[in-house]
Amino acid sequence: MANKGQKGVTTESIFPVIKQFLYSDHEIFLRELVANAVDASQKMKTIASNGEFKGELGPVEVKVELDESAKTLRIIDRGIGMTEEEVDRYINQIAFSSAGEFLEKYKDQNIIGHFGLGFYSAFMVAERVTIETLSWKEGAKAVLWSCDGNPEFEMGECEKADRGTIITLYLDDESAKDYGTKDKIGGLLGKYCRFMPVPVIFGKKQEWKDGKYVDKDEDNVINDVDPIWVRMPSELKEEDYTKFYRELYPMKDEPLFHIHLNVDYPFNLTGVLYFPKIKERMAIEKNKIQLYCNQMFVTDHVENIVPEFLTLLHGVIDSPDIPLNVSRSYLQSDENVKKISTYITKKVADRLEEIFKNDRQAWESKWDNIKLFIEYGMLSDEKFCDRAMKFALFKNTDGKYFSLEDYRKAVEDNQTDKDKKVVCLYATDTDAQYPFIEAARNRGYDVLLMDCELDSHFVNLLEQKMTDTRFARVDSDSVDNLIPKDDRVKLEMKEDERYDLENMFKAVLPSGNDYYVNGDNLGEDSDPVLITQSEFMRRYREMSALGGGMNFYGEMPESYNITVNMENPLIMKVMEAAKAGIAPQAELPAEAPDTASEDEKKAAREAREAVRVAHREDVQAFAKDNEMLRQVIDLALLANGMLKGKALADFIARSRKVVSDAYLK
């Protein structure tokens with residue numbers, strides 16, 4: 001070596017900076033070194049194409065060579081190479097004196113492409129690194145640079161005859177275990193370099209022969225230099241997009257459709273995004289969009305680049321304008337990121353609306369798969385919501401699809417309530433809510449199927465977006481009360497009658513829930529007892545369960561409305577029995593006069609309450625002994641999936657006895 005010297009930063013500063021600030025993940029050293037080699041190769045091609053280089057260009061490629069026994073790894077390119085002056089500038093003087101100045105200089109800059117920074121990642125895994133390089137410039141001399149991780153380096157001439165650069169890493173013992181195998185290096189190259197724009201060669205292709213794999217006489221090029229997203233959409237066919245998706249996600253079902261991104265102003269962005277089939281709606285995979293910078297893989301965490309709802313998509317985004325920090329691992333805050341995010345959202349909305357307008361049949365056939373995605377987007381992104389109001393669909397329980405506005409127009413004549421609001425009835429489970437759906441249909445009402453996990457939030461949103469429209473789940477009230485009309489007259493009951501009815505039914509209803517008992521005239525052919533849940537309370541409980549910021553609803557006990565059909569013959573018979581079997585409440589003792597003492601007032605209140613309690617106990621005793629009452633309540637509970645355990649066993653035994661009494665005696 002002809003020269004010795006110290007790098008522009010000390011050991012105490014540069015290596016802790018590399019390991020702690022620049023590169024938290026050691027495996028990216030290979031990405032950085034190959035990226036430098038690819039960059040040098042592309043520059044060489046540019047110089048040759050514009051006529052500056054007059055010599056023979058030859059193959060422009062990057063080779064990665066591993067010697068497991070010697071614990072060495074070499075990255076070889078035929079790029080522009082470096083002169084001694086350039087080695088000194090890019091390698092020896094990447095900073096000037098201290099880690100503090102280094103961080104101050106680079107922490108807020110997009111400095112991808114600075115050779116020295118990528119190069120120094122080699123020292124995370126190597127105990128010694130050498131550079132052999134020869135510049136493309138006429139008359140240049142080959143340079144050898146060597147450093148073992150101390151501030152000192154050695155630099156001088158060498159015998160390299162071909163232009164380009166060879167980086168040799170002498171792996172330390174620990175790194176040799178982690179990164180010194182063919183499988184590991186091959187895996188890292190496949191992860192980070194599979195789409196780099198210059199051929200990257202790692203060993204030879206292999207074939208199975210005589211019971212083992214043997215090398216063929218053909219270089220193993222690990223990357224596709226011309227991936228689908230850098231090509232023009234006009235060059236591609238549908239099968240090209242499908243083939244690329246299979247390469248990215250070999251175990252996935254074919255996607256529903258794709259969006260090709262291609263923009264060069266006001267920023268550069270290319271990519272292909274796919275809408276995957278969602279088999280289980282709540283088993284959605286995020287982090288399936290891969291971010292590239294000039295075809296070099298950076299990360300699959302793109303939350304800051306695309307809106308949250310778009311992270312459900314799969315595919316690739318590539319942009320040299322995305323501001324990464326030095327390690328390329330994290331996005332920096334930048335206006336370009338916001339613009340890119342807005343652009344991607346617009347392109348997605350454009351594509352969805354295009355399919356909706358041009359191929360409605362295809363859109364409807366895909367709707368069940370993309371409904372969750374559309375709803376998620378509408379709930380989380382205001383601009384997307386405004387666009388999606390045009391192409392979002394409703395599906396009814398007959399399997400027919402409607403645009404939101406078309407559906408409202410279709411039902412408004414028959415489903416407008418007394419307050420002039422169009423009521424959209426919906427079910428979430430056609431089997432569990434079958435009786436309620438049929439009751440609505442018998443009245444000529446249409447029922448939507450809204451079985452998506454986000455629908456409780458979604459109907460809330462639609463009530464804000466759709467003028468004079470509200471939503472009611474079909475089992476949230478009796479069919480007459482779901483869409484109340486002007487001519488609907490509810491049953492009037494005296495206070496003492498309502499009080500007795502409430503106590504009678506609460507006596508035999510399962511404990512642990514809140515019940516609101518009321519009588520109504522539902523018709524003699526309707527069920528004797530109807531159990532429903534308030535639309536408001538049920539919806540907000542569901543929203544709370546999905547993290548809607550209303551946890552107090554989730555902590556409240558379940559509440560049910562118990563509507564007793566006073567026109568049903570069975571209920572009429574129960575009420576007749578109650579009238580005969582329950583003594584009227586005794587006359588309440590008089591209240592104490594205002595002039596009475598506190599003790600006298602308390603005694604009067606207790607005496608009045610004792611009369612009420614005695615009567616309530618009579619009502620409850622009658623209810624518990626009345627087999628018909630227990631039977632009709634259990635039937636209502638059974639219809640709502642609320643009859644379980646001992647109560648269900650008792651109901652079955654009682655029903656068996658009723659059948660036996662009817663047919664065997």
Side-chain angles (χ1 to χ4, degrees), residues 1-5 7 29-30 32-49 52-94 113-123 125-150 152-171 185 189 193 196 198-204 219-221:
M1 288 285 184
N3 299 314
K4 293 186 177 183
K7 297 185 292 294
F29 80 93
L30 187 59
E32 296 299 305
L33 296 176
V34 174
N36 284 338
V38 167
D39 185 51
S41 301
Q42 288 186 296
K43 288 176 179 175
M44 189 66 236
K45 290 166 72 174
T46 301
I47 290 169
S49 66
E52 290 182 69
F53 176 67
K54 307 297 184 183
E56 183 66 33
L57 183 62
V60 179
E61 58 196 18
V62 175
K63 290 186 176 181
V64 178
E65 297 179 351
L66 174 68
D67 187 329
E68 294 188 32
S69 60
K71 295 189 292 188
T72 60
L73 182 66
R74 304 172 85 206
I75 293 87
I76 305 163
D77 69 67
R78 298 187 69 253
I80 57 174
M82 290 182 286
T83 63
E84 183 175 356
E85 179 187 359
E86 288 168 336
V87 172
D88 187 58
R89 185 191 316 154
Y90 297 134
I91 302 300
N92 299 335
Q93 297 180 28
I94 63 168
H114 282 55
F115 182 91
L117 293 174
F119 165 74
Y120 271 104
S121 66
F123 285 96
V125 298
E127 58 188 11
R128 179 169 172 254
V129 180
T130 64
I131 301 173
E132 301 166 70
T133 184
L134 175 62
S135 173
W136 68 276
K137 297 175 182 176
E138 189 174 347
K141 295 181 179 180
V143 179
L144 174 63
W145 181 95
S146 178
C147 176
D148 61 3
N150 291 314
E152 294 80 15
F153 63 87
E154 293 183 346
M155 186 168 68
E157 294 183 11
C158 67
E159 298 299 321
K160 190 176 188 322
D162 193 16
R163 72 163 195 276
T165 301
I166 302 172
I167 309 290
T168 303
L169 282 65
Y170 296 84
L171 302 174
I185 295 299
L189 290 173
C193 309
M196 283 188 169
V198 171
V200 178
I201 298 168
F202 182 51
K204 297 292 184 179
D219 287 336
N220 179 37
V221 179

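Note that the coordinates shown come from a computational prediction; the quantities given were computed from them, not determined experimentally.
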Using the test salt bridge (Lys or Arg N to Asp or Glu O under 4.0 Å), find all partners of [X] that sit at least two apart in sequence or belong to another chain.
| X | value |
| --- | --- |
| Asp148 | none |
| Asp162 | Arg78 |
| Lys45 | none |
| Glu85 | Arg89 |

| OG1 of Thr130 to CG of Leu144: how many Å apart, nearest 0.5 Å? | 6.5 Å

| note | Between the CH2 atom in Trp145 and the CG atom in Asp88, the distance rounded to the nearest 0.5 Å is 11.0 Å

Mind checking side chain to side chain donor-acceptor pair (under 3.5 Å) for [X] and listing every partner two or more places apart, or none if nothing turns up?
| X | value |
| --- | --- |
| Ser49 | none |
| Lys160 | none |
| Ser41 | none |
| Lys204 | Asp219 |

| task | Would you check if Phe202 and Val34 make a side-chain contact, meaning some heavy-atom pair closer than 4.5 Å? | result | no

| task | Please examine the side chains of Ile131 and Thr165, heavy atoms only from C-beta on, and report whether any two atoms are closer than 4.5 Å. | result | yes

| query | So Leu169 and Leu33, side-chain contact (heavy atoms from CB on, under 4.5 Å) or not? Walk me through it. | reply | CA-CA 10 Å; Leu169 282 65; Leu33 296 176; 3.7 Å; yes

Using distance only, find each side-chain donor-acceptor pair of residues 52-65 under 3.5 Å and give its atom names and separation, not counting sequence neighbours.
{"residue": "Glu52", "atom": "OE2", "partner": "Asn50", "partner atom": "ND2", "Å": "3.0"}
{"residue": "Lys54", "atom": "NZ", "partner": "Gly51", "partner atom": "O", "Å": "2.8"}
{"residue": "Glu65", "atom": "OE1", "partner": "Arg74", "partner atom": "NH1", "Å": "3.2"}

Check whether [X] reaches the backbone of [Y] with its side chain - one donor and one acceptor, N or O, closer than 3.5 Å.
| X | Y | answer |
| --- | --- | --- |
| Glu32 | Phe29 | no |
| Tyr120 | Ile91 | yes |
| Asp67 | Thr72 | no |

